[in-house]
Novice: 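So that we are looking at the same thing, I have put the structure below in structure tokens.
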There are 2 protein chains.
Amino acid sequence: MTKEAAGRARPGRTPVPAGRRARPRQAEVARLAGVSQATVSLVLSGRATATGRPISEETRKKVLDAAHSLGYVPDPAASRLAAARNNLLGVYSFTATFPTDVRHSYYPFLVGVEQEAAAQGYDIVLFTGSSSGGAGAAGAGALNRVRLADGCLFLGRHVPVDELHRLVADGFPVVHVGRRDEVEGLAWVGADYVSAGREVVTALTGLGHRRILLVREDDDAPASTDRERGFLDGLTASGLPAGPNAVVRCGDPRREVTADRVRAWFADGVTAFVAEETDTGAAWRALRSAVAEAGLSCPGQVSLALLGSPPPDLADGPVPMGFDIPRPALGAEAVRLLASRIGGGAVGSTLVACTFRPGATAGAPATP
Amino acid sequence: MTKEAAGRARPGRTPVPAGRRARPRQAEVARLAGVSQATVSLVLSGRATATGRPISEETRKKVLDAAHSLGYVPDPAASRLAAARNNLLGVYSFTATFPTDVRHSYYPFLVGVEQEAAAQGYDIVLFTGSSSGGAGAAGAGALNRVRLADGCLFLGRHVPVDELHRLVADGFPVVHVGRRDEVEGLAWVGADYVSAGREVVTALTGLGHRRILLVREDDDAPASTDRERGFLDGLTASGLPAGPNAVVRCGDPRREVTADRVRAWFADGVTAFVAEETDTGAAWRALRSAVAEAGLSCPGQVSLALLGSPPPDLADGPVPMGFDIPRPALGAEAVRLLASRIGGGAVGSTLVACTFRPGATAGAPATP
DNA sequence: TTGTAAGCGTTATCAA
DNA sequence: TTGATAACGCTTACAA
């Protein structure tokens, strides 16, 4: 007899008839296997064998067979609610993950994320953040959806600091892809632009260059700051002055890096130019065409380098000296860090090394 | 008094003390507001006003204030469990979703899928044929993993018919991107290659062409069949013979579409050639170089058209007459269909129109 | 070795 | 108009 008096109509939701349900539940597996629902849970979660729980091999097999034949898959919401875990990793981008303009896409990161997540036994939930209007879009509480997963990766240039901080403060495992210091307690993985930038400069000084100019855009993203730091470190390490006139900041490289100015710099003794990679590749684009327009040969008269990868539409040109950001590796490392945080690991951020690319745009400076 | 006898030690999990819990629950909001927990749910979910539920303005305010002052945020796992919907859409590709080579990826579809999913309030779970994430591994039963979502989109050329049919038969909402008739009861969205192919042909006959040849590969994918059907329809509609010698099937276009054969066809009166788009773009590639090699000018002497889009590496050449497959629109439509199926809508498949592309490779035939 | 039942934090139903 | 209370599907402490 059930615990409530029979025959009296009582409040509460009426159960869903098992007939019309697309997804089988543990109770159905249990029925089929002829065991209790709890036993099914024990067997399927692996907690039986793991914790040395006593489950007979026969029962195990019956349960597994039944589960398989029904196509049972645990409900992530229920698992999460009961056990606070469901083997789901979230990925949340503050801009569309698959933008129409492939240039700013997070695709290369996802390659690594996907692989490493699979290796660690997680499935990936792409939280459709700011892709467009709609239910899940911006607004307070948008980030809250990620709590369905065991932890979440965040990608993007602009971050809603407060909301993110709330997640972190609540102890929800979060890792940001890209260095990000403005959110307290936030773990991140970033590319080591400082070392990579230094390496490019020392490669140039190794070839004999003594006057090298950095062309960067005029914003203060961590990535830009780090690249400049590496550039200056490289100069210093080579015994060259790392003064402010080694760097040109320009709001609009196309207008400010002209053939005339390049000619003037060259006349002034500059033999190598370094551009930073940005979303649009504007600095590199401007530098390239200004040099060509100035009639200077590369790498004959001037050497060029790019702190990053060229934009896709310039992929056909000569491979620039510079470095590649190991985006898949960054994604994979982020997953590793997140998995560790989910497992109770400490907050720790990581830098991933970039790989130097000799390219074909740098050579020894012409001796005058 | 609670429903069980007091004083007796009973099995089951011990409740979490309210003191040491990270986040406030509705019950605590209710306590603070002096109402029942159910009322809190009603107020906060907005279901009160939406469904015209009777909630006094005073109660509403008390609840909202209490929630705000406690910093209440709903637990998505609990919501989804209770609502019996996860708001998760699966995306399953039979080849890797994240190939290293971006060109052959499903990226353009994903653009639309992501947008529309966000608009409909769904998040996305990415499954790949190769990865062994989460509960199940690859191999038999691999498709069962998708049951964790509320429904699933399938992409890819090759489909494990039996497994997919099993899902469909179980009433699990499934939509295939691309026409697919071999699985009974499977809903799909496809591109309308028939209409698009017909349109290209009538454009050519409108220019004055009377002998047009279709170069296709020698397999029987639905997409190829449809294109040929549209091509032949176009000929018929223009009062031209749609006989079998209007079509050339070749297993290896590169070897079978040679400059010699093109010259022969041209001498025989053929003034326009149409290739179908395939994965590799082989037909188009072969046609293009054979015509060039034969010394025939385009569109001066012969016109060319492509039933689809040129491969990325040929993007620089002249834009071919033909049509574009609206892949993002296909993805979006697939999501719409899937959402409708999840909501209990009927199975229905859709064709999406392709957009005609005049291009620069077709003109009036030279008058002899 | 297996079964029983509480509890996770919501939503939905019905009675008051 | 509001409040009890069952149910969602799962994990787990404890009893048998």
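Sequence lines set the chain letters: A, B, ... in the order given, protein chains first and strands last, and positions in each chain run from 1.
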Novice: Do any pairs count as a salt bridge (Lys or Arg N to Asp or Glu O under 4.0 Å) and have a residue in residues 338-348 of chain B, sequence neighbours left out, and if so which ones?
Specialist: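 Residue pairs with at least one partner in residues 338-348 of chain B: there are none.
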
Novice: May I have the distance from B/Glu28 (atom CD) to C/dG9 (atom P), rounded to whole angstrom?
Specialist: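 To the nearest whole Å, that distance equals 8 Å.
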
Novice: Which nucleotide, D/dC10, C/dC8, C/dC14, lies nearest any side-chain atom of A/Pro11?
Specialist: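 Nearest to the side-chain atoms of A/Pro11, counting from C-beta on, is C/dC14.
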
Novice: Find the bend of the helix from C/dT1-D/dA16 to C/dA16-D/dT1 as the angle between its two terminal axes (five pairs each), to the nearest 10°.
Specialist: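 About 40° separates the two local helix axes.
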
Novice: If the cut-off is 4.0 Å, is A/Thr14 near the phosphate of D/dA6, judged by side-chain N/O to OP1 or OP2?
Specialist: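 So the side-chain polar atoms of A/Thr14 never come under 4.0 Å of the phosphate oxygens OP1 or OP2 of D/dA6.
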
Novice: Counting only side-chain heavy atoms from C-beta out, which of D/dT12, D/dA7, D/dA4 sits nearest to A/Pro15?
Specialist: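 Minimum distance to the A/Pro15 side chain belongs to D/dA7.
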
Novice: Round to a whole Å and report the spacing from CG of A/Leu42 to C1' of C/dA5.
Specialist: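 Computing the A/Leu42:CG to C/dA5:C1' distance gives 14 Å.
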
Novice: Please give me every residue in residues 75-82 of chain A whose heavy atoms get under 4.0 Å of an atom in DNA chain D, ordered by residue number.
Specialist: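 Per residue number, the list reads A/Asp75, A/Ala78, A/Ser79, A/Ala82.
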
Novice: Check every atom of C/dA5, D/dC8, C/dT2 against the side chain of A/Val16 and return the nucleotide holding the closest atom.
Specialist: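 Nearest to the side-chain atoms of A/Val16, counting from C-beta on, is D/dC8.
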
Novice: Looking at D/dT1, C/dT11, D/dA4, which one has an atom nearest to any side-chain atom of B/Ser45?
Specialist: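 Comparing D/dT1, C/dT11, D/dA4 against the side chain of B/Ser45, the answer is C/dT11.
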
Novice: Measure from the side chain of A/Val35, starting at C-beta and using heavy atoms only, and say which of C/dG3, D/dC8, D/dG3 lies closest.
Specialist: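 Per side-chain heavy atoms of A/Val35, the pick is C/dG3.
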
Novice: Mind calculating the distance between CD (B/Gln37) and P (C/dC8) to the nearest angstrom?
Specialist: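 Value for this atom pair: 12 Å.
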
Novice: Among D/dG9, D/dT5, C/dG3, find the nucleotide with the atom closest to the side chain of B/Ala38.
Specialist: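 From the listed options, D/dT5 comes nearest.
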
